[in-house]
Amino acid sequence: GEPMCLARLDLDHFKHINDSWGHAVGDAVLTSVAAAVGQALPPGGGLYRVGGEEFAVLMPRNLRSDALAACERIRAAVAVEPIDHEATRIPVTISIGVAQLGDGETPSQLYERADRLLYKSKLGGRNRVS
């Protein structure tokens, strides 16, 4: 009976990071992003790696408006700190899609809506929350 939101996060241009600096640096970037996201989570929120450079954040007891604000803080926390690698600063940004669980909606439907909103962020220029 309480609201719940799901956010889908994806690192922007992650393939370029792996191709340019190698998979070890890509792994370090993933670790750094996960740490930044984890520190910016709203109370009760959980971070989950879906695969590759894709993550999901569950935000129980959050309306979409609150989840959008939390995800904007998450986006900013990642974007503000480039990753240092051998005297090179690698800029990292994420795109995020946020959906609130609707009445009678299945978890799969919620996930699909969050995923569509993630791609809206990517198509809108990346490094944004939809």
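The analysis underlying the following values was restricted to heavy atoms, covering all of them including side chains, and did not include hydrogens, waters or symmetry mates. All of these numbers come straight from a predicted model, not from anything done at the bench.
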What residues form a side-chain contact (heavy atoms from CB on, under 4.5 Å) with [X], not counting sequence neighbours?
X     : result
Ala76 : none
Ala34 : Leu47, Phe55
Asp10 : Glu53, Glu54, Leu118, Lys122

Members other than Leu117 in its cluster, when Ile, Leu, Val, Met, Phe, Trp, Tyr link by side-chain heavy atoms under 4.5 Å?
->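 Taking Ile, Leu, Val, Met, Phe, Trp and Tyr as members, Leu117 stands alone, with no cluster partners.
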
With clusters built from Ile, Leu, Val, Met, Phe, Trp and Tyr whose side-chain heavy atoms come within less than 4.5 Å, directly or transitively, what are the remaining members of the cluster of Met4, listed by chain and number?
->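 Taking Ile, Leu, Val, Met, Phe, Trp and Tyr as members, Met4 shares its hydrophobic cluster with Leu6, Tyr48, Val50, Leu58, Leu101, Leu110, Tyr111.
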
Within-4.5 Å side-chain heavy-atom neighbours: [X] and [Y]:
X     : Y      : answer
Ile74 : Val129 : no
Glu2  : Pro60  : no
Ile17 : Ile83  : no

Taking every non-hydrogen atom, the tightest pair across [X] and [Y]:
X      : Y     : answer
Arg113 : Ala99 : NH1-CB, 3.8 Å
Arg89  : Pro82 : NH2-CD, 3.4 Å
Asn127 : Arg75 : OD1-NH1, 3.0 Å
Gly44  : Arg61 : CA-NH2, 4.5 Å
Gly26  : Asn18 : CA-OD1, 3.3 Å
Ala79  : Thr93 : CB-CG2, 4.3 Å

Any chance you could measure [X], atom [atom1], to [Y], atom [atom2], to the nearest 0.5 Å?
X      : Y      : atom1 : atom2 : answer
Arg126 : Arg128 : CZ    : CZ    : 10.5 Å
Gln100 : Leu68  : CD    : CG    : 9.5 Å
Ser95  : Leu123 : OG    : CG    : 9.5 Å
Asp84  : Glu81  : CG    : CD    : 7.0 Å

Okay, side chain of [X], backbone of [Y]: is any donor-acceptor separation there less than 3.5 Å?
X      : Y     : value
Ser32  : Ala28 : no
Ser121 : Gly97 : no
Arg64  : Cys5  : no

Could you tell me which residues satisfy side chain to side chain donor-acceptor pair (under 3.5 Å) with Lys15, sequence neighbours excluded, listed by chain and number?
->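 In terms of side chain to side chain donor-acceptor pair (under 3.5 Å), with neighbours along the sequence ignored, Lys15 is linked to Asp19.
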
Check against side chain to side chain contact (heavy atoms under 4.5 Å, CB included), Thr88 and Trp21 = CA-CA 10 Å; Thr88 301; Trp21 290 283; 4.0 Å; yes

